[in-house]
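Here the structure is a predicted model, which means the values were calculated and not measured. Only heavy atoms go into these numbers, but all of them, side chains included; no hydrogens, no water, no symmetry mates. Naming: A, B, ... by sequence-line order, numbering from 1 per chain.
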Amino acid sequence: MYTFDPKWLEKLDAMRASGQEPYPSAVGLVPTHTSAELHTACEGSLDPKTVIPGEVAVAGRVMFRNVMGKAMFLRLQDRAGFIQVYARREEVGEAAFSVLKGIDIGDFVWAHGTLMRTKTGELSVQAKDGKFAAKNLSPFPDRFHTLSDVELRSRQRYVDLFMNPESQATFRTRSAVVRYIRDFFHARDFIEVETPMMQTIPGGATARPFITHHNALDIDLYMRVAPELFLKRLIVGGMERVFEVNRNFRNEGLSHKHNPEFTMLEFYWAWATYKELMDLTETLLSGVCVQVTGGHQIKFNDMDIDFTTPFRRADMDVLISEATGLSLHELRDSARMTAFWVEKNGSTDALPHTFGRWWEKLFEHYVEPNLVNPTFVTGFPAEISPLARRSDGDPDRTDRFELYVARWELANAFTELNDPVDQAERFAAQVKAKDAGDAEAMHFDADYIRALAYGMPPTAGEGIGIDRLVMLLTGRTSIREVILFPTHRPEAHG
RNA sequence: GAGCCCAUAGCUCAAUUGGCAGAGCACCGGACUCUUAAUCCGUAGGUUGUAGGUUCGAUUCCUACUGGGCUCACCA
């Protein structure tokens, strides 16, 4: 239930009683220019009427209002910025002026007239007429303080967007990032595709899925945790270069960098390896950084990050060795790593038993917190890479990299495993882990094995977290600041 | 899922050791023809997140609950 404030409803009655429709159609209320178009056109001109001599019409939400007896100023906000309207009673007439005096902060208003500058030089529309376009019925937030309540800002994004221009700017940047990415791949002969959000077998990542139900088929479906296995089916089908920018759903905790639904770019490139992907990723990320920030250097939290190419490339075990002092030889010895961990951290709880799991743990603990500038980390153990191709010459490792920026994983990529027999064995191992209680382990996807059995050309594929990329490029430190409507608990009522 | 912190008017914030719950903006009424955080005068706005407890007396202290923030875990 939403309860209207009777005080504000009375305003509607009063307007209608005086012949004013509070919610007219747009007919006759269409602006001729946006605020920014007028400011741009008249920049540097002392007398804007010489630039645009005729009448202009502007429209927007009233964000500032100053009524002074027989004259008034309104500042209208439209999608491009602000424009001031100056209305004098002697010019708009008694009737129209008294209508305009009834304007509240937050109302939508249309006005037309000629351009002028005030004595302080502000470009303004000197009104010949003005009309209500849509009435606001809510008391307005304090406009001298930014709306600071993070919860309110994301629950009521509509308020955040009109109160905090920088919030709107964040989402415009997000749009620019996605657009850049689409153009980037189209220019390289990739095609954009859409694969199932609802899957009978979830796959492509180790994560807990959401489950939903299809009534007509009477089957449970899983919201996808990744599009990977479908995109690779397209490679089998001969499409060779595909990408998808879309939502994934993971049934996991919320945090400043996790939302249950989040946006991933995934792309697959036949006849390429993870090494070409590193080159492509550098070009893409440094390019989008320049596109939306104007340069290669950004600041994020207290970190200075440089997207100048080339990015650093380093093997996982080399980085772990540097950070821990353990030799590469010792990093193949689980017992040695266990002793090291117990010595440094004391804890003996739930320690790994294999070198692959140990690398994962040591990397997260000792290396990841120091990876501020973009760094391609390579040489991942096969054990923790169930969909990646084993490296020639080292079957315990894979042709895989993760890109780290600002102490986060931003991208994950590898030369794809296209050996159907190996893939079937790795699925079987995942199923075994699942049966042993690992809720995030993968299912056995027999149709995917069937697809691979037809032959998949050598292919490399990658996923990039769009939300995190946008966070970096906008300096927003919470994922809720870059997702328009992030997931919330329902509001308490009563 | 765990720990710590927060919740006062529509918004931003006060309230002295536990002693009459306040201000600015928004809203309402009035004055004002270049304001831009307009100014000036006046009114109204509250079960202090919810439910209990301690106390002569609770916004203040205690408990539980609800919502949120930060950190951790899981993960991208």
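Using a 4.0 Å cut-off between charged side-chain N and carboxylate O, A:R153 and A:E481 make a salt bridge.
Distance A:K101 NZ to B:A31 P: 7 Å, rounded to the nearest Å. Rounded to an integer number of Å, the gap from CD of A:E368 to P of B:C72 is 11 Å. Put simply, CH2 on A:W8 is 19 Å from P on B:A44, counting in whole angstrom units.
A stacked arrangement is not assigned to A:W408 and the six-membered base ring of B:A76, the conditions of a centre distance below 5.5 Å and an interplanar angle below 30° not being jointly met.
Classified by interplanar angle (parallel below 30°, tilted 30° to 60°, perpendicular above 60°), the ring pair A:F73/A:Y86 is parallel. In this structure, A:F355 and A:W359 have perpendicular ring planes: the angle between them is above 60°, well past the 30° mark.
The gap from the P atom of B:C6 to that of B:G10 amounts to 23 Å, rounded to the nearest Å.
Closest to the side chain of A:E90, out of B:U33, B:U35, B:A76, is B:U33. Among B:C27, B:U33, B:U35, the nucleotide with an atom closest to any side-chain atom of A:I105 is B:C27.
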Below 3.5 Å is the cut-off: list the nitrogen or oxygen pairs between protein and nucleotides 8-10 of chain B, distance only.
{"residue": "B:G10", "atom": "N2", "partner": "A:F140", "partner atom": "O", "Å": "3.1"}

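Residues A:K70 and A:S138 each lie close to RNA chain B; by heavy-atom proximity, the contact nearer the 5' end of the strand is made by A:S138.
Listed pair A:R480 / B:G69 meets the phosphate criterion, a side-chain N or O lying under 4.0 Å from OP1 or OP2.
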